Amino acid sequence: VQGARAAALTIKEKLDDSFFEDEEGALNQLRGQSTVQIRAIRQQFRRLTGQRLEQVFRDTCNERQTTEALGLIWPSMSLEDKLRANISEGWLWNSENEEGMMDVLRNASREELVAAGRSPRVRRMLRDALNDDQFFEARRLMASDEERAQIEVEAAIERIRAAAGWINDD
C-alpha cells in the first residue's frame, strides 16, 4: 500500500502542474507494475484526489500517452469502471461512447456480466447512456439464463406499446 500511495502521489504531482506537467514521469509510475499494483495505485489516487486515474491521463496527456496509460490501467479496472471510461464527463454535459460501452460488455466474462447486471448503478448508467436497442442488448448480455426469458418478454411488450397504431385481428 505504501508503494501504491507513493506512486499515486508522484502521478498527482507530475500531472497537477498546469505549466510543467511531466506525463512521461507519471507514466513511469505505471510501467512495469502488475495489475494488482496498478489497481492499488488507482485506489490510492482516487483517495488522494477524488479523481479517476484514467480520466486524469485522458485529460492531461497526448493521444499516444493516453493510449499507453489506458493500456496499462485497463486490466486493473472493474467492468463498471471500463464502462465509465467510455463516458467523457464535461462541465455542462457528458458525452458517451455507446459502441465502446457495448464492446466492453461483449468482451466481458460471464461472471463480470452477471455481477454488473445486479448493480443498480451500472443499469442506471447504461440506461442513461444507451439507446433502447443497445440497452436491451446490454440487459440481455448481463442477465442470468433465468432472467433472459423475462427480458425478452419485457422487450416485446415495450416494442408493442411503442408501436404506432393498434393491433387488429379483423
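The shown structure was predicted, so the numbers you read here are calculated from the model rather than taken from an experiment.
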Exercise for review: Please lay out, stage by stage, how Glu68 and Arg31 fare under the test side-chain contact (heavy atoms from CB on, under 4.5 Å).
Suggested key: CA-CA 9 Å; Glu68 181 181 356; Arg31 291 176 177 135; 2.6 Å; yes
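- With respect to Arg106 and Glu137, a salt bridge is recorded, a charged nitrogen being found less than 4.0 Å from a carboxylate O.
- Separating the CZ atom in Arg64 from the CD atom in Glu23 is a distance of 9.5 Å, to the nearest 0.5 Å.
- A salt bridge does not link Arg123 with Glu80: every distance from a Lys NZ or Arg NE/NH1/NH2 to an Asp or Glu carboxylate oxygen is 4.0 Å or more.
- Each of Leu70 and Ile41 belongs to its own hydrophobic cluster when Ile, Leu, Val, Met, Phe, Trp and Tyr are linked at side-chain heavy-atom distances under 4.5 angstrom.
- Listed for the Gln37 side chain is a donor-acceptor partner under 3.5 Å among the backbone atoms of Ser34.
- Atom CZ of Arg5 has 12 or fewer neighbouring heavy atoms from other residues, nucleotides or ligands inside a 6.0 Å radius.
- Atom-to-atom distance recorded for Thr66:OG1 and Leu27:CG is 8.5 Å, nearest 0.5 angstrom.
- Across Arg148 and Leu141, no two heavy atoms sit closer than the pair NH2-O, 4.1 Å.
- If you take CG on Asn28 and CD on Gln33, they are separated by 10.5 Å, rounding to the nearest 0.5 Å.
- Two residues are said to be in side-chain contact when any heavy atoms from C-beta on lie closer than 4.5 Å; Met101 and Gln134 fail this criterion.
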Point to revise | Chi angles and distances behind the side-chain contact (heavy atoms from CB on, under 4.5 Å) call for Val114, Met142 | key: CA-CA 5 Å; Val114 172; Met142 294 185 306; over 6 Å; no
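- Note: the hydrophobic cluster containing Ile151 does not contain Met125 (ILVMFWY, side chain heavy atoms under 4.5 Å, direct or indirect links).
- The line from CZ of Phe57 to CZ of Arg52 is 15.5 Å long, rounded to the nearest 0.5 Å.
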Exercise for review: Start with the C-alpha distance between Glu147 and Ser144, add both sets of side-chain angles, then the distance that settles side chain to side chain donor-acceptor pair (under 3.5 Å), and finish with yes or no.
Suggested key: CA-CA 5 Å; Glu147 296 167 326; Ser144 66; 3.2 Å; yes
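- By the neighbour-count criterion of 12 heavy atoms within 6.0 Å, atom CZ of Arg121 is sparsely surrounded, having that number or fewer from other residues, nucleotides or ligands.
- In terms of heavy-atom proximity, Pro75 sits nearest to Thr35 at O-CG2, 3.5 Å.
- Between Phe136 and Leu130 the shortest side-chain heavy-atom distance does not fall below 4.5 Å.
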Point to revise | Candidate pair Leu15 and Asp22, rule side-chain contact (heavy atoms from CB on, under 4.5 Å), full reasoning | key: CA-CA 6 Å; Leu15 298 180; Asp22 180 7; over 6 Å; no
Point to revise | Audit row: Thr10, Glu13, side chain to side chain donor-acceptor pair (under 3.5 Å) steps and yes/no | key: CA-CA 5 Å; Thr10 300; Glu13 290 167 5; 5.0 Å; no
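- Nearest heavy atoms, Ile38 versus Leu72: CD1-O, 3.3 Å.
- Here CD of Glu98 is found 12.5 Å from CG of Asp133. Values are rounded to the nearest 0.5 Å.
- Taking the side chain as every heavy atom from C-beta outward, Asp16 and Thr49 never approach each other to under 4.5 Å.
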Practice item. Would you sort out whether Asn86 and Val104 count as a side-chain contact (heavy atoms from CB on, under 4.5 Å), showing the intermediate values? Key: CA-CA 9 Å; Asn86 282 282; Val104 166; 3.7 Å; yes
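- The existence of a salt bridge linking Arg84 and Glu54 is excluded, since no basic side-chain nitrogen approaches an acidic carboxylate oxygen closer than 4.0 Å.
- Leu9 and Leu53 are assigned to two separate hydrophobic clusters, defined by single-linkage of ILVMFWY side chains at heavy-atom distances under 4.5 Å.
- With salt bridges taken as basic N to acidic carboxylate O contacts below 4.0 Å, none links Glu152 and Arg139.
- The existence of a salt bridge linking Asp132 and Arg127 is confirmed by a sub-4.0 Å separation between a basic side-chain nitrogen and an acidic carboxylate oxygen.
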Point to revise | Gln55/Asp59 under side chain to side chain donor-acceptor pair (under 3.5 Å): CA gap, chis, key distance, verdict | key: CA-CA 6 Å; Gln55 187 65 44; Asp59 292 344; 2.9 Å; yes
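- In this structure the side chain of Asn97 never reaches within 4.5 angstrom of the side chain of Ile87, judged on heavy atoms.
- Counting non-hydrogen atoms of neighbouring residues, nucleotides and ligands closer than 6.0 angstrom, the CZ atom of Arg46 exceeds 12 such neighbours.
- To the nearest 0.5 angstrom, Arg39 atom CZ is 10.0 Å from Asp81 atom CG.
- Nearest heavy atoms, Leu79 versus Ala116: CD2-CB, 3.5 Å.
- At least one side-chain heavy atom of Ile11 sits under 4.5 Å from a side-chain heavy atom of Leu30.
- Annotation: side chain of Glu63 is not in contact with side chain of Arg58 (no heavy-atom distance under 4.5 Å).
- Put simply, the side chain of Met77 reaches to within 4.5 Å of the side chain of Arg42, judged on heavy atoms.
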